[in-house]
Participant: 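Let me begin by handing over the structure; questions about it come next.
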Amino acid sequence: MELTGLFEMQKRLDAYIEENNGVERDVFREKLLALTVELAELANETRCFKFWSQKGPSPKPVLIEEYVDSIHFLLSLGILRDMEDLQEWPKGKMAGDLTDMFIRTQRAVLDFGERQDRASYEAIWVHYGAIAELLGFTPDEMIRAYREKNDENYARQQRGY
Ligand SMILES: O=c1ccn([C@H]2C[C@H](O)[C@@H](COP(=O)(O)O)O2)c(=O)[nH]1
């Protein structure tokens with residue numbers, strides 16, 4: 001899946017948010033924490049780990065919106081560390097269920113926070129790709145959901161969110 005267009009949209013949104021909020025410092029730490037929070041929110045909506053509950057996962061539109069919140073911050077972190085030349089979504093084979101994948105993805109995000117290098121950045125994409133596959137998201141669905149949330153993020157800024 002092609003990432004160039006998404007990086008461009010994210011760069012524009014980030015510039016708008018920074019300008020709107022008078023941000024002049026490096027907000028890498030904040031965005032890293034935001035990504036771990038979004039990942040946990042997605043896990044919570046899937047309820048994959050809630051062996052103590054009989055309730056099923058949230059509907060697909062809810063899951064995909066949470067998913068693309070993560071994609072926003074993942075793109076944004078790449079932009080902050082000059083990795084927006086990554087053209088294709090890095091893919092790799094990963095075995096395991098959703099619970100495995102959420103734990104490993106949290107680790108991959110924190111690992112990137114320490115190393116801040118390309119290999120650890122690409123590893124996060126591989127993990128998110130595996131989550132998308134387990135949740136049955138197609139590339140078209142993800143791109144559509146990303147665009148919709150990107151628009152909503154502008155609208156929120158304009159509303160004084
Ligand atoms: O610099 C930023 C800050 C926020 N967001 C977006 C990503 C998510 O879609 C949304 C998260 O906002 P909350 O709902 O968590 O407030 O904001 C960005 O894209 N760039």
Side-chain angles (χ1 to χ4, degrees), residues 1-49 57-90 98 101-102 105-106 108-116 118 120-161:
M1 185 176 138
E2 171 68 45
L3 293 180
T4 310
L6 299 187
F7 273 115
E8 281 166 12
M9 290 178 71
Q10 189 65 44
K11 210 167 180 169
R12 256 181 274 130
L13 174 61
D14 286 351
Y16 183 76
I17 290 175
E18 280 174 25
E19 163 126 31
N20 204 28
N21 294 278
V23 177
E24 281 168 6
R25 61 201 172 82
D26 182 20
V27 286
F28 184 87
R29 279 183 330 137
E30 286 82 351
K31 288 179 176 178
L32 190 80
L33 178 58
L35 180 54
T36 69
V37 170
E38 295 297 350
L39 182 61
E41 286 181 3
L42 175 61
N44 214 34
E45 296 295 343
T46 69
R47 305 179 68 83
C48 66
F49 57 95
S58 293
K60 194 168 180 179
V62 174
L63 296 180
I64 205 158
E65 183 177 344
E66 290 296 352
Y67 184 87
V68 298
D69 279 339
S70 280
I71 297 305
H72 275 75
F73 286 117
L74 182 50
L75 290 163
S76 203
L77 286 162
I79 292 163
L80 284 181
R81 290 299 178 264
D82 294 322
M83 295 186 196
E84 76 253 46
D85 58 326
L86 181 64
Q87 287 173 359
E88 278 289 316
W89 190 312
L98 266 179
M101 225 50 78
F102 280 118
T105 307
Q106 288 285 8
V109 171
L110 296 178
D111 189 46
F112 171 63
E114 292 293 318
R115 296 171 199 262
Q116 303 187 23
R118 183 168 288 264
S120 57
Y121 183 61
E122 292 191 8
I124 306 178
W125 282 100
V126 173
H127 284 78
Y128 267 95
I131 292 173
E133 207 171 308
L134 286 168
L135 293 175
F137 300 157
T138 67
D140 279 355
E141 285 173 329
M142 290 194 273
I143 289 169
R144 196 173 330 116
Y146 175 83
R147 287 182 186 283
E148 281 172 15
K149 191 57 191 263
N150 197 276
D151 287 347
E152 170 62 17
N153 280 321
Y154 281 101
R156 280 180 170 186
Q157 291 292 313
Q158 282 149 14
R159 286 200 298 268
Y161 170 78

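Worth knowing before you read on, the calculation uses all heavy atoms, side chains too, and leaves out hydrogens, waters and symmetry mates. Each ligand, and each atom within it, is numbered from 1 in the order the structure gives. The structure presented is a predicted model; accordingly, all values stated were derived computationally and were not measured.
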Participant: Exactly which residues line ligand 1, taking a heavy atom under 4.0 Å from it as the test?
Facilitator: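 For ligand 1, the contacting residues are Gln10, Leu13, Asp14, Ile17, Lys31, Glu38, Asp69, His72, Phe73, Lys149, Asn153, Arg156, Tyr161.
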
Participant: Before accepting this row, confirm whether a basic side-chain N of the pair Glu152/Arg156 lies closer than 4.0 Å to the acidic partner's carboxylate O.
Facilitator: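 Salt bridge flag = yes for Arg156 with Glu152.
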
Participant: I'd like to check the ring pair (Phe, Tyr, Trp, His ring centres under 6.0 Å) partners of Tyr146; sequence neighbours left out, ordered by chain and number.
Facilitator: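 Checked Tyr146 against ring pair (Phe, Tyr, Trp, His ring centres under 6.0 Å); matches are His72.
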
Participant: Using a 3.5 Å distance criterion without hydrogens, assess whether the side chain of Trp89 forms a donor-acceptor pair with backbone atoms of Trp125.
Facilitator: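 Yes.
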
Participant: Give me the one residue out of Asp69, Asp14, Asp26 that meets salt bridge (charged side-chain N to carboxylate O under 4.0 Å, His left out) with Lys31.
Facilitator: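 So, applying the salt bridge (charged side-chain N to carboxylate O under 4.0 Å, His left out) to Lys31 and each of Asp69, Asp14, Asp26, only Asp14 qualifies.
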
Participant: Check ring pair (Phe, Tyr, Trp, His ring centres under 6.0 Å) between Tyr128 and all other residues, then give those that pass, not counting sequence neighbours.
Facilitator: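 Ring pair (Phe, Tyr, Trp, His ring centres under 6.0 Å) check on Tyr128 returns Tyr67.
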
Participant: Which pairs count as ring pair (Phe, Tyr, Trp, His ring centres under 6.0 Å) when at least one residue sits in residues 9-33, sequence neighbours excluded?
Facilitator: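 Listed once each, the pairs are Tyr16-Tyr154, Phe28-Phe112.
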
